[in-house]
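Notes to accompany the following structure.
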Amino acid sequence: MQPQSLPAAADRDAIRAQLASTPLRMGQIDVNGKCNAGCWYCPVKYQGNPEEFAVQMPVADVGRILGALRNSALIPPAFRFLYSCHYNEVLLYRHFAEMIPVFRRHGFATMILSNGTPLTPEKTDLVLANPDVFWGITLNVPALERGDWAAKAGMPARMHDLLLRNLDYLHGKGRASIQINCATGGSGLLGKGIGGSKESAEAIARGFRERYPGFNIVLQEWLSDRAGKLERHDVLTHRQSATRQVVGCSHSANDGGRIYGWVHINARGDLFLCCDDFDMAYCFGNLLEQSFEKVWMSEAHVDAIARAQAGICRNCQFRVER
């Protein structure tokens with residue numbers, strides 16, 4: 001991996017220069033803007049998905065946006081991967097099967113990031129039959145035992161049987177990862193934080209490994225407080241607000257972090273700041289109305305970054321200060 005190049009854009013001219021010079025390598029597109037879970041470590045539990053963006057993208061618009069990206073001079077041929085999640089559940093997209101050939105036609109792939117309850121046997125078969133479009137399955141399942149799972153996932157206990165049916169079927173068909181978000185690695189748990197101890201997290205992992213030896217079981221002991229949002233909801237924190245001017249982003253192992261090296265698109269086709277912009281308060285253009293080049297290099301984009309550096313970025317642990 002090449003060393004990360006941390007941007008230092010302290011004014012609008014520097015932001016413009018950084019946008020022009022940073023290679024785009026990865027992205028994220030929401031096709032469904034809503035989640036059916038309420039996991040304790042997610043803002044959805046405490047305030048729901050932002051209503052304005054909790055919509056489903058018409059599959060024709062998915063094609064228009066992916067085509068606009070692929071035909072843009074700013075998107076290199078090696079840019080192939082787009083996460084299909086931003087605090088949402090992609091498997092609840094009503095056009096899930098229809099989007100597969102659309103991704104393929106434009107040379108893009110994604111992966112399944114899900115809580116597992118909508119991963120029916122039918123959808124499992126569909127995902128596994130299209131490995132060129134789906135580059136893996138990772139399920140966020142915080143517990144195995146019914147009551148513990150219901151409390152941590154924020155879902156009715158009756159859905160636990162459905163989850164286990166889906167996991168059992170998937171285990172018999174192919175490989176996947178189960179991520180156990182537990183916040184035992186130094187995250188500052190607050191009043192509503194229920195990550196548990198390291199010992200209890202390891203016991204949960206052992207239970208999953210015994211039942212599903214073919215899955216990769218991962219303990220995620222470090223969780224983001226989402227640029228201070230989860231601290232405001234009394235869940236967890238490990239932030240200290242910036243003491244100097246914020247000039248960049250170190251999130252993700254690519255040049256420019258999330259701000260400059262990633263593309264983020266919501267279910268209405270808006271480009272927005274980054275994965276910690278939960279409310280999508282830093283939108284700067286719409287790919288159903290404008291070309292990608294025009295939006296990406298726009299003054300609205302420069303303004304969104306400048307506002308973020310004086311706002312949301314100051315509470316983010318990935319900030320780069322002057």
Side-chain angles (χ1 to χ4, degrees), residues 1 24-33 35-37 56-72 75-141 162-181 208-209 211-220 252-254 261-265 267 275:
M1 183 179 295
L24 291 167
R25 304 195 187 280
M26 195 174 292
Q28 166 266 314
I29 182 171
D30 281 358
V31 291
N32 168 44
C35 187
N36 65 326
Q56 299 218 347
M57 184 182 288
V59 73
D61 289 349
V62 177
R64 289 173 62 191
I65 290 172
L66 295 186
L69 292 178
R70 182 53 67 210
N71 294 326
S72 171
I75 301 294
F79 187 134
R80 289 202 57 206
F81 187 81
L82 290 163
Y83 283 103
S84 49
C85 59
H86 179 75
Y87 308 95
N88 67 325
E89 180 52 70
V90 65
L91 292 170
L92 294 178
Y93 182 44
R94 66 173 66 96
H95 305 297
F96 183 77
E98 298 168 70
M99 83 174 192
I100 297 172
V102 176
F103 269 72
R104 180 179 291 119
R105 182 166 66 249
H106 296 291
F108 287 106
T110 186
M111 69 177 297
I112 298 301
L113 294 176
S114 171
N115 61 61
T117 59
L119 187 59
T120 62
E122 294 77 17
K123 287 182 179 173
T124 292
D125 290 342
L126 192 60
V127 170
L128 296 178
N130 292 278
D132 61 319
V133 173
F134 298 109
W135 287 1
I137 301 172
T138 294
L139 305 177
N140 288 320
V141 186
L162 175 65
L163 172 69
L164 293 186
R165 180 209 67 174
N166 293 345
L167 294 180
D168 290 346
Y169 184 85
L170 173 61
H171 189 256
K173 288 283 187 172
R175 298 191 61 79
S177 294
I178 292 181
Q179 180 170 297
I180 304 166
N181 290 340
F208 273 113
R209 292 186 182 113
R211 180 167 180 139
Y212 302 112
F215 286 166
N216 179 37
I217 309 299
V218 179
L219 279 179
Q220 183 59 45
S252 303
N254 58 275
W262 282 59
V263 176
H264 301 86
I265 308 162
C275 61

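Only this structure's heavy atoms are used, side chains among them; waters, hydrogens and symmetry mates stay out. Counting begins at 1 with the first residue of the sequence.
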Subject >> Residue pair F81 / M26, side-chain heavy-atom distance below 4.5 Å >> reply: yes
Subject >> pair V59-Y93: side-chain heavy atoms closer than 4.5 Å >> reply: yes
Subject >> Over all atoms of both residues, closest heavy-atom pair of D132 and A109 >> reply: O-CB, 3.6 Å
Original post:
Do R70's NZ or CZ and the ring of F108 fall within the cation-pi criteria of under 6.0 Å and 45°?
Top reply: yes
**OP:** Using atom types as modelled and distance alone, determine if a side-chain donor or acceptor of Q220 lies under 3.5 Å from a backbone N or O of N140.
**Re:** no
Subject >> Reported CG-to-CD distance for the pair N181 and Q179, which is rounded to 0.5 angstrom >> reply: 4.5 Å
Original post:
What distance separates S84 OG from I265 CD1, expressed to the nearest 0.5 Å?
Top reply: 12.0 Å
Original post:
Just checking, is any N or O donor in the side chain of N36 or T117 under 3.5 Å from an acceptor N or O on the other one?
Top reply: yes
Original post:
Can you list the steps and then say if L128 with I137 is a side chain to side chain contact (heavy atoms under 4.5 Å, CB included)?
Top reply: CA-CA 9 Å; L128 296 178; I137 301 172; 4.3 Å; yes
Subject >> Spacing of L139 atom CG and I112 atom CD1 [to the nearest 0.5 Å] >> reply: 9.0 Å
**OP:** Indicate yes or no for a side-chain donor-acceptor contact from D125 to the backbone of K123 under 3.5 Å, with no hydrogens or angles considered.
**Re:** no
Original post:
Hey, mind stepping through I178 and N216 against side chain to side chain contact (heavy atoms under 4.5 Å, CB included) and telling me if it holds?
Top reply: CA-CA 6 Å; I178 292 181; N216 179 37; over 6 Å; no
Original post:
Which heavy atom in T120 sits nearest to a heavy atom in N166, and how many Å separate them?
Top reply: CA-OD1, 3.7 Å
Subject >> Test: D61 and R64 ion pair at under 4.0 Å >> reply: yes
Subject >> Pair L113-V90, side chain to side chain contact (heavy atoms under 4.5 Å, CB included): steps then yes or no >> reply: CA-CA 8 Å; L113 294 176; V90 65; over 6 Å; no
**OP:** Check whether any side-chain N or O of R80 sits under 3.5 Å from a backbone N or O of G107 as a donor-acceptor pair, and report yes or no.
**Re:** yes
**OP:** Mind checking the OG-CZ spacing from S177 to F215? Nearest 0.5 Å is all I need.
**Re:** 9.0 Å
**OP:** Please round to the nearest 0.5 Å and tell me the distance separating atom NE2 of H264 and atom NE2 of H86.
**Re:** 8.0 Å
Original post:
Under a 4.5 Å cut-off applied to non-hydrogen side-chain atoms, are Y87 and C35 in contact?
Top reply: no
Original post:
Cut-off 3.5 Å, side chains only: do N32 and R94 have a donor facing an acceptor?
Top reply: no
Original post:
So, R25 side chain and F79 main chain: donor-acceptor pair closer than 3.5 Å or not?
Top reply: no
**OP:** Give the minimum heavy-atom separation between G116 and S114, together with the two atoms involved.
**Re:** N-OG, 2.9 Å
Original post:
Are P118 and E89 side-chain neighbours, meaning at least one heavy-atom pair lies under 4.5 Å?
Top reply: yes
**OP:** With the side chain counted from C-beta on, respond yes when F96 and L126 share a heavy-atom pair under 4.5 Å apart, and no when they do not.
**Re:** yes
Original post:
Counting only N and O atoms by type, is there a donor-acceptor contact under 3.5 Å from the side chain of S72 to the main-chain atoms of A68?
Top reply: no
Original post:
Taking the side chain as C-beta and beyond, is there a heavy-atom pair between N71 and H106 under 4.5 Å?
Top reply: no
Subject >> Taking every non-hydrogen atom, the tightest pair across A176 and L170 >> reply: CB-CD2, 3.7 Å
**OP:** Grab the two heavy atoms, one from A267 and one from G33, that are nearest each other, plus how far apart they are.
**Re:** CB-N, 4.1 Å
Original post:
Are any of the side-chain heavy atoms of I180 and V141 separated by less than 4.5 Å?
Top reply: no
**OP:** Could you please spell out the steps behind the side chain to side chain contact (heavy atoms under 4.5 Å, CB included) verdict for F103 and I29?
**Re:** CA-CA 11 Å; F103 269 72; I29 182 171; 4.2 Å; yes
**OP:** Could you tell me which non-hydrogen atom of R209 sits nearest to which non-hydrogen atom of I217, and how far apart they are?
**Re:** NH2-O, 3.2 Å
Original post:
Distance from I100 atom CD1 to H95 atom NE2, nearest 0.5 Å?
Top reply: 13.5 Å
Original post:
Side-chain contact, heavy-atom cut-off 4.5 Å: M57 with I65?
Top reply: yes
